[in-house]
Amino acid sequence: MSLDTSTSGFGWRAVQVFTVLVYIFMFAPIVVVIVLSFNASQFGGFPMTGFSLHWYAKLMQNESVLRAFQTSLWVAVVTSVVCSVLGILAALALVRYEFPGKEWVNTILIAPALVPETVLGVGLLLLIRFAHQPRTLWLLVLGHIMLALPYVVLVVQARLIGVKRVYEEAARSLGANRFQTFREITLPLIMPAIVASVLLVFTISFDNITASMFWRPSGVETMPTEILSMLKISISPEINALGTLMIVVTVGLPLLGGGLARYLARSAR
Amino acid sequence: MTAAAAVDLRNVTLAYGEFVAVKDVSLSIRKGEFVTLLGPSGCGKTTILRSIAGLVQPTGGEIDVAGRRIDNIPIHKRNIGLVFQNYALFPHKTIFDNIAFGLKYRDVEKSQISAKVTRALEMVRLPGVEKKLPSEMSGGQQQRIALARAIVIEPDVLLLDEPLSALDANLREEMRTELKIIQREVGITTIFVTHDQDEALAMSDRIVVMNKGLIEQVGTPEEVYRRPESRFVASFLGQSNLLPGRVTGVAEGLATVRLDKGHDLVAAAPASLKNDAAVTAIVRAQKVVLGPPDRGGPKGRIISTSYLGGSAAYFVDMGGITLQSIATIDDRVWREGEDVSITIAPADVLLLDEGGHRLK
Ligand SMILES: Nc1ncnc2c1ncn2[C@@H]1O[C@H](COP(=O)(O)OP(=O)(O)O)[C@@H](O)[C@H]1O
Ligand SMILES: [Mg+2]
């Protein structure tokens with residue numbers, strides 16, 4: 001009864017209304033983009049004139065969009081692979097071993113997640129200038145690795161702390177060497193965290209725009225920068241279709257990852 | 001060092017930084033023997049076990065297992081069976097894969113592996129659970145699987161670190177018996193760690209009583225219980241009265257000890273006892289016999305009574321000295337405030353010197 005009165009008063013109503021308004025403010029633009037991507041009209045705005053997949057078809061024929069997609073995909077895949085290998089090794093070292101300067105290494109690995117992206121973007125660019133190196137696609141990959149590595153380290157570290165050391169000790173006492181112990185025991189037990197962090201890294205790389213603007217070689221576009229440059233010319237309804245696809249990838253992948261991680265975690269128990 | 005020793009520790013010392021957890025421990029264990037490291041929490045028992053297993057590196061001394069020096073070789077080449085307090089079964093592997101794990105790294109044929117796993121499961125009385133996951137088993141079952149996993153590799157020595165302490169009381173007692181039976185059957189040299197004296201007394205061939213990183217006494221359960229070598233052992237095992245006093249006379253194998261409040265206690269005199277020596281008399285609570293007040297000897301009054309079913313524990317005031325007494329209940333339980341007579345046989349009194357060591 002007392003619960004009833006506390007959730008039916010005027011104050012509570014106001015909170016409910018306000019919450020709904022906030023959600024509308026946050027999600028309405030996304031909904032608009034998705035809805036308009038199926039609009040038959042020539043113009044990228046309301047009113048709707050009918051349902052059509054026309055803009056998706058057009059997108060598939062747009063050479064520069066396809067090229068940007070390929071670039072983004074390639075960068076994201078390389079970044080994911082490199083980050084997971086480096087991230088697992090770093091997390092292992094930080095959780096399982098003692099070495100001088102451990103705190104410093106930890107701080108430096110995590111730092112890129114705390115520094116504003118613009119600063120990182122300019123910084124890395126200046127460094128490359130200073131070293132008289134050309135701006136290649138590898139610079140972009142390197143930058144994305146720097147941006148995403150902290151998340152792998154953090155996620156894997158958290159899981160590794162939860163994996164009791166006695167499992168590894170038991171394996172070693174039974175005759176497995178360090179590598180066999182890692183392969184048979186540690187790796188399967190941290191697999192949920194690895195899957196989750198790889199998908200996270202993929203998403204971070206795939207939809208990064210701020211830093212990518214600094215790092216991409218001239219003439220090369222990633223998906224987000226391609227959208228930006230398309231916007232400079234006109235608001236074509238194609239952009240709505242592209243935006244919808246981006247949303248599907250960047251929301252769908254983490255959801256998929258989360259689900260997979262939970263599934264793996266359950267079967268690892 | 002004896003040639004036949006299955007495990008031989010020589011002057012093993014281990015420091016964690018400044019803190020010395022194990023001090024100059026020497027111990028020789030025969031093949032097939034069941035030896036228990038007993039002592040309060042933090043006295044270094046686990047550290048000794050982990051040194052033998054190779055999970056920590058001693059800062060000094062040598063360790064031999066099965067006639068081979070092992071303290072300088074890596075863990076996975078030591079052939080040692082290890083059972084942890086919380087089982088440490090691999091959660092993502094089936095029972096079969098858990099038990100077969102150690103066999104994979106030995107030259108055992110595929111066909112042999114499954115036969116050995118089956119036999120190990122029969123030995124711990126859990127046949128047919130090969131396909132289950134550890135999470136599907138109860139605590140007691142998991143501990144048996146852990147035991148099977150350690151035994152199946154036919155280790156030179158089996159190390160058990162408080163393996164029963166995570167189980168509830170009934171199961172613990174059952175597992176105690178069973179563990180002992182399995183150990184006998186296999187004939188495996190075993191080092192068992194516990195802080196539970198009942199466990200140690202019930203299971204061991206020999207008990208190593210430890211305190212603060214040092215060995216206090218090594219002996220059979222009966223020896224350490226009945227003839228404690230030091231003040232620590234006497235107070236750690238069982239309930240004892242520790243009564244400080246001074247020797248006032250030695251004659252015909254009997255010594256008279258004047259206790260603090262002026263009481264005289266007669267003790268069997270050890271050969272090395274000197275007249276006028278400061279001593280501590282030790283009397284087990286079970287050896288303080290209470291009787292009706294009209295029986296001769298010193299008198300006392302019951303301060304408190306704890307009824308324990310088959311027996312009762314009393315605190316008795318003997319003219320300013322509080323004594324602990326435990327007696328099986330034959331006819332009656334003494335109530336608080338009742339007067340009693342107190343009898344202590346000279347043979348039941350042990351004497352410690354000023355340093356806390358037993359006089360011989
Ligand atoms: N890794 C460690 N670092 C520092 N001190 C430790 C470490 N492991 C154990 N100790 C200390 O060493 C002492 C002995 O520990 P341990 O062998 O675990 O005792 P027990 O098993 O008898 O309870 C304890 O005081 C404990 O705090
Ligand atoms: Mg311990």
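So that the names make sense, note that chain A is the first sequence line, chain B the second, and so on, each numbered from 1. Fair warning: this is a prediction, and the values are worked out from it, not measured in the lab.
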So with a 6.0 Å cut-off around CD of B:E154, is the heavy-atom count from everything else above 12? no
Check the pair A:V166 / B:N86 against side chain to side chain contact (heavy atoms under 4.5 Å, CB included), numbers first and verdict last. CA-CA 9 Å; A:V166 283; B:N86 292 309; over 6 Å; no
Find the one option among B:I153, B:V152, B:L55 whose heavy-atom pairs under 4.5 Å with chain A are most numerous. B:L55
Among A:A176, A:A170, A:A171, residue most engaged with chain B (heavy-atom pairs, under 4.5 Å): A:A176
Exceeds 12 heavy-atom contacts within 6.0 angstrom, atom CD of B:E185: yes
Exceeds 12 heavy-atom contacts within 6.0 angstrom, atom NZ of A:K102: yes
Yes or no on side chain to side chain contact (heavy atoms under 4.5 Å, CB included) for B:F101 and A:I185, after CA distance, side-chain angles and deciding distance? CA-CA 11 Å; B:F101 190 87; A:I185 308 299; 3.9 Å; yes
Heavy-atom donor-acceptor pair, B:H92 side chain to A:E184 backbone, under 3.5 Å: yes
Can you establish whether the number of heavy atoms outside B:R184 located under 6.0 Å from its atom CZ is more than 12? no
Distance col, row A:E168:CD vs B:F90:CZ, nearest 0.5 angstrom, shows 10.0 Å
Look at atom CD of A:E103 and say whether more than 12 heavy atoms of other residues, nucleotides or ligands are closer to it than 6.0 Å. no
Below 4.5 Å from any heavy atom of chain A, which atoms of B:L89 appear? Answer side chain, backbone, both or neither. backbone
Please examine the side chains of A:E169 and B:R50, heavy atoms only from C-beta on, and report whether any two atoms are closer than 4.5 Å. yes
Rounded to the nearest 0.5 angstrom, the OG-CG distance for A:S173 and B:N79 is 10.0 Å
Atom OH of residue position A:Y23 - does it have more than 12 heavy atoms of other residues, nucleotides or ligands inside 6.0 Å? no
Side chain, backbone, both or neither: which part of B:R149 has a non-hydrogen atom closer than 4.5 Å to chain A? both
Nearest 0.5 Å please: distance from the CG atom of A:L189 over to the NZ atom of B:K93. 9.0 Å
Please determine whether side chain to side chain contact (heavy atoms under 4.5 Å, CB included) holds for the pair B:H76 and A:R178, giving the CA-CA distance in whole Å, both sets of side-chain angles, and the decisive distance to 0.1 Å. CA-CA 9 Å; B:H76 63 282; A:R178 274 185 201 283; over 6 Å; no
Should we say atom CZ of A:F69 is surrounded by more than 12 heavy atoms from elsewhere, each under 6.0 Å from it? no
State, yes or no, whether a side-chain contact exists between B:P91 and A:Y167 at a heavy-atom distance under 4.5 Å. yes
Per-residue contact mode, B:I75 against chain A (heavy atom under 4.5 angstrom): both
